[in-house]
Amino acid sequence: MTGEEMLVLINQLSSSGTVQSFTSNYGIGAKIAAATRNPHGVIYQSWKDSEGAMIQLEKDPETGEYGLHQWELEDGTFSHYIQLDDDIKPAEIDQHGTKVILLGNSDFESTIEAPSNAVSPSRWISKYLNTRYFKFPDNIKIKAREGWTSPRTDSDRNVLRALIGQKSYLDSHAVTSGVKRLETANVHWWILKDEKSISCNSGYIESAGHVAALYQNELYDRLTARAGVARLQLFGVLFGMRHVVLYAEPLAINGNALTTNTARTALLLNGEELPWADWAFEFRKDMPKELVDFISKKSAAGTEKDHVKSIKERLKGIMDLYKVSRYMPKPHGDYLSDTSSSVKVGLAPGSGTESKGGKGSGNRVGNSSKGPRDGEVGNIYHLFQKRDGVQCDKTNSDPFPIVKWVSIEDGTRDENDIEDKAAKYLQDQNTLMINADFRVFKDMTARLCREKEFTEGINLQRVIEDIVHGWFEQALNNPRL
C-alpha cells in the first residue's frame, strides 16, 4: 500500500459509518483490537512497487482519543505518513508487502513476551497460530520466531519456525483417524501414537488429546487439560484421553445459520453456543470401531477387582426397595407415564395384567380399571401414581452405575483427571469413575497394613487395598441409589 492508501484504510477502520457485517469488513474487530491493546502505537510499514511508506495509529494520552501520529518533515511541514528508505525493508519483502509493529502500552514494554500462563514462553507465538488454524492455505507460508532472547547467531535456539497447523501434525502422528458423520456435524477424530510428545508437550503445537470446533480451517472452543478430558469423556472416551483428538465441524444444513462473531473469536450456530451435549450423545451411540477397540484396550489395563457382586450381596436384604419401575417415552407404548416425574416412573394404577412390558406401576393404555394398585415389591413411587401421562414402554434399569477404578500407575487415569478427588459421576453415561490414587484410599490402606500381621504367601497390601476399595465403592454407589 502507498501512504495515501493506508490513510484511507485506517480512516475506514475508525469510521462508525462503515458497513460491518458477515459480508463486508468481516473480521475487522481484530484490527481495531490491535490499537486498543497497543495504545502507545501500532506502526504500519508497507511497500508497493518497491516504494515504502509508514503510518502510526496511537492513543492521545491527554484526550484519550485514537488517531494518526503527525510526522514533521524536513521542510517543516507535517504529514500523517512518511516515506521509507530501502535499507529498512525486510529481506522477506521484495516489491510488495507490509510490516506491522506493536508498541504496547509504553516505550519500555516488550510486546513479544509470552502471557503469564504460557507453557513454553519462547514458543508461544508458534503455538498460538498453530492451534488457531487447522490448515493454512497452500499458497501461504507463515513463520514465527522462537528463542528471540538468544543471539541471532544461535541458530539452535533463535529460529524462524515454519507453521503447519494442527491437521498436518495430527495426520503424521496418528495411529489411525477418520470422520464420523452426525446429524448436524462431522466429527474428525485421531488416535495418536504413544510417543514422548504425548506427555512432554512440544510447546509449538497441541500434541496431546483435546477437543475443538472446526470451521473454514480455523479452530474454536479448543479445550485441553482438565476441561479437554471432561469433554472427551462426554463423547464416551473414558480411557486413553491423552491419545484422542476430536474436532467437531458443524454443518450449515436444514436452515442452520453457522457464523462467527465479527471478531472471529467465537463460533455460533443459529446465534447460540454449539450443541456439544447433543453431538456427544449421538457420537457415543455409534462410536467408530477403532475408537471403541482403543478405549476397551486402555480399560483392560486396569487391575481393579469388580466389587459390584459383593456389594449387592451385602445389600440383598434391602435390594427390593430399589426395584423401581422405569419407563421410556414411546409413541405406541403400552403404558402412560408422568413426564414431570424426575425418576421417569409410571404413575397410573395398573390392571394387574401381564403385558409385553412386564408387570409394573405404569397404567396400561386403554385400561380404565380402578382396581388395587399393583407393582413390584418395594416400588415406593407406586403410591403417588396418577392416571394421565404420555405413552411409554417399561425399561429394565440397574440402579447401580457402571464403576471404573482409575489410576496413574496402570495408565487408566490422566494427571488432569479428578486429581485429588475421590470420584466423578458421568450422569449421561451412568458411569462412576473412582480415583484409586485418592489420598484417603491410600492412607486407609496404609493404616490397615500397619495394624495387620504379615502372613507368608499373601500380598497383604493388595488384599487390604481391595477391601478398602470395596467399602468406599459401596459408599460412593449409595447416593446414586
Under the criterion side chain to side chain contact (heavy atoms under 4.5 Å, CB included), I'd like the reasoning laid out for Q166 against I205: C-alpha separation, chi angles, the key distance, then a yes or no. CA-CA 7 Å; Q166 284 290 138; I205 203 87; 3.2 Å; yes
Between R413 and E419, is there a side-chain N and carboxylate O pair less than 4.0 Å apart? yes
Gap between atom NZ of K196 and atom OG of S207 - 0.5 Å precision: 11.5 Å
Go through it in stages, so that I can follow the logic: the residues are V175 and L192, the test is side chain to side chain contact (heavy atoms under 4.5 Å, CB included), and I'd like the CA-CA distance, side-chain angles, deciding distance and then a yes or no. CA-CA 6 Å; V175 176; L192 301 178; over 6 Å; no
Apply side chain to side chain contact (heavy atoms under 4.5 Å, CB included) to residues Q70 and H80 and explain how you reach the verdict. CA-CA 5 Å; Q70 290 198 49; H80 287 116; 3.6 Å; yes
Check ring-ring contact (aromatic ring centres under 6.0 Å, His included) between F239 and all other residues, then give those that pass, not counting sequence neighbours. none
Output yes when a side-chain donor or acceptor of E146 lies under 3.5 Å from a complementary backbone atom of S126, and no otherwise. no
For Q95, I'd like to know if atom CD has over 12 heavy atoms of other residues, nucleotides or ligands within 6.0 Å. yes
Applying ring-ring contact (aromatic ring centres under 6.0 Å, His included) to H96 and not counting sequence neighbours gives none
Looking at T412 and S299, would you say the former's side chain and the latter's main chain have a donor-acceptor pair under 3.5 Å? no
For A422, which residues count as a side chain to side chain contact (heavy atoms under 4.5 Å, CB included) partner, sequence neighbours excluded? F438, F441
Side chains of N38 and E109: do they bring a donor and an acceptor to under 3.5 Å? no
Quick check: do Q56 and V42 have side-chain heavy atoms less than 4.5 Å from each other? no
Taking the side chain as everything from C-beta on, heavy atoms only, tell me whether H243 gets closer than 4.5 Å to F294. yes
Could you tell me whether a side-chain N or O of T431 sits under 3.5 Å from a main-chain N or O of Q429, the two making a donor and an acceptor? yes
Minimal non-hydrogen separation, L68 against I55, with atom names: CD2-CD1, 4.2 Å
Please give me the minimum heavy-atom distance between K180 and D286, naming the atom from each residue. NZ-OD2, 2.7 Å
So does Y66 have more than 12 non-hydrogen atoms from other groups sitting under 6.0 Å from OH? yes
Is Q427 atom CD crowded by more than 12 heavy atoms from other residues, nucleotides or ligands, each under 6.0 Å away? no
Any cation-pi pair here, R132 with Y220, using under 6.0 Å and within 45°? yes
So, does N270 use its side chain to make a donor-acceptor pair with the main chain of A257 at under 3.5 Å? yes
Any donor-acceptor pair under 3.5 Å from K424 side chain to I434 backbone: no
Does a donor on one side chain and an acceptor on the other come within less than 3.5 Å for T184 and W279? yes
Checking the side chain of N256 only, and the main-chain atoms of I253 only, is there a donor and an acceptor separated by less than 3.5 Å? yes
Reported OG1-to-NZ distance for the pair T176 and K193, which is rounded to 0.5 angstrom: 11.5 Å
Within a strict 4.5 Å, meaning less than it, do heavy atoms of the H69 and E58 side chains meet? yes
Going by an N to O cut-off under 4.0 Å, is there a salt bridge joining R222 and E206? yes
Does T77 use its side chain to pair, donor to acceptor, with the backbone of L73 at less than 3.5 Å? no
Please lay out, stage by stage, how V187 and L182 fare under the test side chain to side chain contact (heavy atoms under 4.5 Å, CB included). CA-CA 7 Å; V187 177; L182 305 181; 3.5 Å; yes
Quick one: list whatever passes side chain to side chain contact (heavy atoms under 4.5 Å, CB included) with F108, sequence neighbours left out. S106
Looking at every non-hydrogen atom in both residues, tell me the closest pair between V237 and I295 and how far apart they are. CA-CD1, 3.7 Å
Within 45° of the axis and under 6.0 Å from the centre of the six-membered ring of Y204, does NZ or CZ of R161 qualify? yes
Quick check: does any side chain N or O of S172 sit under 3.5 Å from a backbone N or O of Y169, one acting as donor and the other as acceptor? yes
So which atom in S155 and which in V159 form the shortest heavy-atom distance, rounded to 0.1 Å? O-CG1, 2.7 Å
Can you confirm whether the side chains of W190 and D171 place a donor and an acceptor under 3.5 Å from each other? yes
May I have the step-by-step check of salt bridge (Lys or Arg N to Asp or Glu O under 4.0 Å) for K143 and E92, ending in yes or no? CA-CA 11 Å; K143 294 182 179 181; E92 292 81 4; over 6 Å; no
Taking C-beta and beyond as the side chain, do D107 and H40 meet within less than 4.5 Å on heavy atoms? yes
dist E183:CD -> E282:CD (nearest 0.5 Å) comes out at 6.0 Å
Is the shortest side-chain N to carboxylate O distance from D154 to R157 below 4.0 Å? yes
Separation between CG of D293 and CE of M287, rounded to the nearest 0.5 Å: 11.0 Å
What closest approach, in Å, do E290 and I191 show between heavy atoms, and which atom pair accounts for it? O-CD1, 3.7 Å
Hey, could you give me the CZ/CZ distance between R284 and F235, rounded to the nearest 0.5 Å? 9.0 Å
With heavy-atom distances below 4.5 Å as the criterion, would you say the side chains of L163 and F136 are in contact? yes
Search all heavy atoms of Y81 against all heavy atoms of L7 and return the closest pair with its distance. CD2-CD1, 3.7 Å
Backbone of E51 reached by a side-chain donor or acceptor of D49 within 3.5 Å: no
Sub-6.0 Å ring centroid separation between Y247 and H210: yes
Could you check if a side-chain atom of S168 sits within less than 4.5 angstrom of a side-chain atom of K135, using non-hydrogen atoms only? no
Who are the side chain to side chain contact (heavy atoms under 4.5 Å, CB included) partners of R145, not counting sequence neighbours? W148, R152, N158, L160
Across all chains, not counting sequence neighbours, the side chain to side chain contact (heavy atoms under 4.5 Å, CB included) partners of E249 are N186, H188, L214
E218 and Q216: side chain donor to acceptor below 3.5 Å: no
Between D417 and Q233, does the side chain to side chain donor-acceptor pair (under 3.5 Å) criterion hold? Intermediate values first, please. CA-CA 10 Å; D417 190 24; Q233 290 177 337; 3.0 Å; yes
So W71 and M54, do their side chains get closer than 4.5 Å, heavy atoms only? yes
Donor-acceptor pair, D221 side chain versus L267 backbone, under 3.5 Å? no
Quick one: pull up CD1 in I164 and CG in L170 and give me the separation to the nearest 0.5 Å. 9.0 Å
Assess whether atom CG of D138 is packed by more than 12 heavy atoms of other residues, nucleotides or ligands within 6.0 Å. no
State, with a plain yes or no, whether a side-chain heavy atom of Q45 is found less than 4.5 Å away from one of T98. no
